[in-house]
Protein chains: 2
Amino acid sequence: MRVISKSGEYGLRALMYMVAHREEGVFVSIRDMAEHLDISFHFLTKILQSLTQAGLLKSYRGPNGGVAFNISPEKVLLSDVVRILEGDDFFDKCLLGLPGCGKLAPCPMHNIWKEIKGALKHEFETTSMAELGQAALLNRIGLVS
Amino acid sequence: MRVISKSGEYGLRALMYMVAHREEGVFVSIRDMAEHLDISFHFLTKILQSLTQAGLLKSYRGPNGGVAFNISPEKVLLSDVVRILEGDDFFDKCLLGLPGCGKLAPCPMHNIWKEIKGALKHEFETTSMAELGQAALLNRIGLVS
DNA sequence: TGTATTTAGGACAAAATACTCTTATATATT
DNA sequence: AATATATAAGAGTATTTTGTCCTAAATACA
């Protein structure tokens, strides 16, 4: 069961790493993150670029450059990140992939899925990246392999 | 958010169709299902083959051939089907894709995901294909486009 | 027996996702 | 100014998933 794509997974892990390792006013090197998290550097760069373009991160080129939160991680919700990385309709998909599925024309699994999806959405909308980064700090091995 | 692959979706829709349209002792034509459900015939054939090989369906070749339940659909759980079509570890995946994630070495999202995944698993393990097929019978448009 | 029909099974093609590589651009340091 | 370092951006490659096509095997019926 793959709920989040590789891009999404890598992006989330990087953000958690950033929360866990950031220092005030310092940009975090993408190369360092890629190495520590065992993610392809170029691939991670692209993923973080999309977060930068979305305004969630800011970046800085050159020596000691990197990326940093443009919005305080306390205010960045898990749901915000997945909406950027997985698409704005992340929480709106029918389990059977039927485009017309909805309240008026529910698929046979609509009601089952509505509950689960609602719970997932609620969790994602009440969990900040700051909380997840803190959790990563506690269980040190929580972000890699 | 794609929880179930296309193969899984198609297989489930076909099984629901079979429940909704079956007659005692009659095999359901795969071609008919493919047309009614707007699924590639050859692709659907392969998916149903794997269900046949798993013993969930039985098949019959030649005129008036097709597939039929080998196990009463009341006894076939949604979880059985997804385990066959999506892999036996369907309910055991870390949300961040970390192989080592578990109770001893939880990723930062482990506890959040554990709850949601548990609820999903419970629903899937208490819902039979017979129930879903009945639901499909009620809302006629529930299986296509 | 011959023909039509239907699933079985494998090879192949297309599309989507995941990953790599190269060049451009911005910045710091010497 | 020159060089080193870092992200930006786009082209290109690899892998996986999805979908197509062709041939074989089983069955019914004329």
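Here the structure is a predicted model, which is why all the values come from computation and not from measurement. Here is the naming used below: chain letters follow the sequence lines, and residue numbers restart at 1 for every chain.
As a whole-Å value, the separation of B:Lys46 NZ from C:dA13 P is 14 Å. Whole-Å rounding puts the B:Phe43 CZ to C:dA16 P distance at 13 Å. As a whole-Å value, the separation of B:Glu86 CD from D:dT16 C1' is 14 Å. Atom CZ in A:Phe41 sits about 7 Å away from atom C1' in D:dA6, given to the nearest Å. Spacing between atom CZ of B:Arg61 and atom C1' of D:dA24 amounts to 8 Å, rounded to whole angstrom units. Rounded to whole Å, the distance from CD on B:Gln49 to P on D:dT18 is 17 Å. For B:Arg2 and D:dT17, the CZ to P distance is 12 Å, given to the nearest whole Å. As rounded to whole Å, 13 Å separates atom C1' of C:dT7 from atom CG of B:Asn64.
The phosphate of D:dT17 (OP1 or OP2) has no side-chain N or O of B:Ser7 nearer than 4.0 angstrom. Contact between the side-chain N/O atoms of B:Tyr10 and the OP1/OP2 oxygens of D:dG19 is found at a separation under 4.0 Å. For B:Ser40, a side-chain nitrogen or oxygen approaches OP1 or OP2 of D:dT20 to under 4.0 Å. Taking only side-chain nitrogens and oxygens, B:Tyr60 comes nearer than 4.0 Å to OP1 or OP2 of D:dA28. Close to D:dA9, at under 4.0 Å from its OP1 or OP2, lies a side-chain N or O of A:Gln53. Checking the phosphate oxygens (OP1, OP2) of C:dT7, no side-chain nitrogen or oxygen of B:Thr52 falls inside 4.0 Å.
Between A:Tyr10 and A:Phe43, the angle of the ring planes goes over 60°, which puts this pair in the perpendicular group of the 30/60° scheme.
Remark on DNA chain D: of its neighbouring residues A:Leu48 and A:Pro63, the 5'-side contact belongs to A:Pro63, judged by nearest-heavy-atom nucleotide. Residue-to-nucleotide proximity on DNA chain C shows that, of A:Ser5 and B:Val28, the 5′-proximal contact is made by B:Val28.
Applying the side-chain hydrogen bond (donor to acceptor under 3.5 Å, both in side chains) test to pairs two or more places apart or on separate chains, those with a residue in residues 49-73 of chain A are A:Ser72-A:Glu74.
Side chain of B:His42, nearest nucleotide from C:dA4, D:dC22, C:dC19: D:dC22.
Residue B:Gly62 is in base contact, counting any heavy-atom pair closer than 4.0 Å across all strands shown.
Atom NE2 in A:His110 sits 8.5 Å away from atom NZ in A:Lys103 (nearest 0.5 Å).
At least one cation-pi condition fails for A:Arg83 and A:Phe90: the charged atom is not both under 6.0 angstrom from the six-membered ring centre and inside a 45 degree cone around its axis.
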Inset, instruction - Let me see the working for B:Glu9 and B:Arg2 under salt bridge (charged side-chain N to carboxylate O under 4.0 Å, His left out), right down to the final yes or no. - result: CA-CA 10 Å; B:Glu9 291 173 7; B:Arg2 148 157 277 88; 3.0 Å; yes
